[in-house]
2 protein chains.
Amino acid sequence: MFWEDALVKERVTVVDIARAAGVSKSTVSLVLQGSPLVNEVTRAKVNATIRELGYVYNRSAANLRQSKSKIIGIVVNDLTNSFFAELAVGVDAVVQSAGFVQFLANTNEKIERQREVVASMREHGVSGLIISPARGTEAADLAPLVDSGIPVVLVVRDIADAGVSSLTSDNHAGAMAAVRHLIARGHRRIAFLGGFPDTVVFEARMRGYRDALLEARLDAADVLVIGSAPSRAGGVTAIEQAMMLADRPTAALCFNDAVAFGVCDGLRARRLEPGADFAVIGFDDVIEAKTAVPALTTVSVDPQGMGQRAAELLLKQINAGRAEAESIIGSVRLVVRQSCGAAIERRTREALS
Amino acid sequence: MFWEDALVKERVTVVDIARAAGVSKSTVSLVLQGSPLVNEVTRAKVNATIRELGYVYNRSAANLRQSKSKIIGIVVNDLTNSFFAELAVGVDAVVQSAGFVQFLANTNEKIERQREVVASMREHGVSGLIISPARGTEAADLAPLVDSGIPVVLVVRDIADAGVSSLTSDNHAGAMAAVRHLIARGHRRIAFLGGFPDTVVFEARMRGYRDALLEARLDAADVLVIGSAPSRAGGVTAIEQAMMLADRPTAALCFNDAVAFGVCDGLRARRLEPGADFAVIGFDDVIEAKTAVPALTTVSVDPQGMGQRAAELLLKQINAGRAEAESIIGSVRLVVRQSCGAAIERRTREALS
DNA sequence: ATTCATAATTGGAACGTTCCAAATCAGTCA
DNA sequence: TGACTGATTTGGAACGTTCCAATTATGAAT
């Protein structure tokens, strides 16, 4: 074992570079920032010494001086859900290319946790924040952030009167499209399964479901909407409950894809084949939706693209200084695959003709 | 529209607090750090003014002064894979409780991207790094990090001679256990499906598979190991290829759960029921494994727990200054559920008796 | 030679903390 | 009273950048 003395030597700074390259620290700083003011040959010399001495830029110092950072924060309420994981990679992709790095925190729907992480991010001087707020978050919770002029963009769940930008999807229209499709396929008893009833997303999707039913003068019975955790496990319990009903549904729109997968699982547990014996439609279009069997018919909100757009919106606001809050409602489209039984029906129809 | 003048006023700092509370900035600093040196009444007074003026601590400044931060970095190669998402939430949970915040970056297996994010994290002065290295990462890629004394813990994939701590799982033993189980259930033609053959994880699991076969004097034909992307889609293609074989397998150990789900999908596409007509075993035990139908038999590595342990190991090293590199090989256990057909066999056996 | 413009470089004062050494305070004891 | 405690408090110099204003070098025009 050696004493590794080399490790103990102190950090190399711009003045070390300056001394070694025979210029002033100001010049080194200019080079670091890629300023066009410095002469090509000195720039080369400086860059050479930087490499040679193994200099690493100290962003803490820079942040302190300029009172701004190349950091953005992203806080989600459930990273375990593919939807949010994909959202995060979408964000990551664009912030990385912009030379930013992201703090990521998971709140697990705990509002206290959220308060802590947001405070911590503020102390670290994030330049902006993308947040999918935990259930029960109020405008007041975001106030300190927006008062201090930090751009915030809400994703997925909007908060009324928060005065910040938001990026949501057209949940109402998506749900309507899905239910209309089921009705067109001949279904008359359609359930709405999964999700926490006290969220604005649930509310919007459920309203879309109901409006489509009403439009077709169908029964929108309360027993047919069954809440649950918005997870695969929640889907299993929701479909079980639905199958207890005296007058069983023959199709369901699910709160999200995770629930839809759970519903398929629950169906199979009862020896029912999703897509053939029961139509199921999801919401989100997570990556597995395409490859699952049966492939999931779902309302595509493109989580990764949503993350990208959120990040772009945030960066725009950061660069613009203080920008107007804008609310974007992303459009959404029904992508018809196997799980709603459409393909099977087509096949039988073809066989008959 | 108002001109929101209030927003423009500059940041409040410790000297503002000091002035307002009638003490020196040193005292305020002491209070901030919870030092026992300060008198209770002044502490209270200071805390009051802090709240009153809406002070927010500037960690950039503190980091600069103390040349250390409360930031750790975590870089994963595919956040879209539930395994890594869960790993990340495990890490998040423990670092958050320790008052740290995490930079999270996704490399998408791009080694260039990885280089960039690691460099960026270094500039930001992370106190430690948890990394699941991208395919093809070499010890040399981590050298600058370890030379500068930043603790690093490798997760999932170890790198030979990197001189850093690592936390992997006993892939060889897990694979053996799984295959032994299949053999005990009467299977004789067992495939190994999915994964990139040039990774150490693949290598270890495949060796375990092979050793179990050899142990039982069974044929370990090369055609039965079929690589693919370690994803759901990869699983679909792998099983398709396996079913092309003249002498088809009746069971498969899959590289990971994502592949296993894909294999189930592919089986169903051919009207084969996983668990009844074909036994499949996964690897990882991601959260959906339990609720899927059929519930997935899999080798449990507890990704979230793994993230936690990795974070604990890292924090230990950070606190200890310079610690010995330790390699932990997490133990692993086969959790038998439905997809390997065990339950079904038991049922038929019971029916016969 | 002098002036002027332009290009390139530079010293030094910030930024908001922490931390050391030193100073002040309030008792206590001779 | 004065010296001696222990408990609190406090200036001021760092930390590694950036940025302003000012300086020097270079060359062209007079």
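In what follows, every chain begins at residue 1, and chains take the letters A, B, ... in the order their sequences are listed.
Between Ser24(B) and dG11(D) there is no side-chain polar atom (N or O) within less than 4.0 angstrom of OP1 or OP2.
Residue pairs that meet the salt bridge (Lys or Arg N to Asp or Glu O under 4.0 Å) test with at least one member in residues 16-40 of chain A, sequence neighbours left out, are Asp16(A)-Arg19(A), Glu40(A)-Arg43(A). Every pair passing salt bridge (Lys or Arg N to Asp or Glu O under 4.0 Å) that includes a residue from residues 125-146 of chain A is listed here, sequence neighbours excluded: Arg135(A)-Asp198(A). Within the structure, the side chain to side chain donor-acceptor pair (under 3.5 Å) test picks out the following pairs touching residues 44-63 of chain B (sequence neighbours left out): Glu123(A)-Arg59(B). The side chain to side chain donor-acceptor pair (under 3.5 Å) contacts involving residues 302-312 of chain B comprise nothing, where partners must be two or more places apart or lie in separate chains.
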Report each atom pair, protein N/O against N/O of nucleotides 5-8 of chain D, whose distance is under 3.5 angstrom.
none

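Axis angle across the helix from dA1(C)-dT30(D) to dA30(C)-dT1(D), with five pairs used at each end and values rounded to 10°: 70°.
Arg11(B) and Ser67(A) share no donor-acceptor pair across their side chains, judged by distance under 3.5 Å alone.
Partners of Asp92(B) by side-chain hydrogen bond (donor to acceptor under 3.5 Å, both in side chains), not counting sequence neighbours, listed by chain and number: Gln96(B), Gln102(B). The ring-ring contact (aromatic ring centres under 6.0 Å, His included) test applied to Phe100(B) returns no partner, not counting sequence neighbours. Here Ser165(A) pairs with Gln317(A) under the side-chain hydrogen bond (donor to acceptor under 3.5 Å, both in side chains) rule; sequence neighbours left out.
To the nearest angstrom, P of dG16(C) lies 12 Å from CZ of Arg19(B).
The stretch residues 96-103 of chain A does not touch DNA chain C, since none of its heavy atoms comes less than 4.0 Å from the strand.
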- Task: Mark up nucleotides 17-28 of chain C, 5' to 3', with B wherever a protein heavy atom is under 4.0 angstrom from a base atom, S wherever such an atom reaches only the sugar-phosphate, and - elsewhere.
- Result: BBB---------
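With the nearest nucleotide of DNA chain D identified for both Arg43(B) and Ser67(B), Arg43(B) has the one nearer the 5' end.
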List, one per line, each side-chain donor-acceptor pair under 3.5 Å for residues 79-90 of chain A, sequence neighbours excluded.
{"unit_1": "Asn81(A)", "atom_1": "OD1", "unit_2": "Phe83(A)", "atom_2": "N", "d": "2.8"}
{"unit_1": "Ser82(A)", "atom_1": "OG", "unit_2": "Glu288(A)", "atom_2": "OE2", "d": "3.4"}
{"unit_1": "Glu86(A)", "atom_1": "OE2", "unit_2": "Ile287(A)", "atom_2": "N", "d": "3.0"}

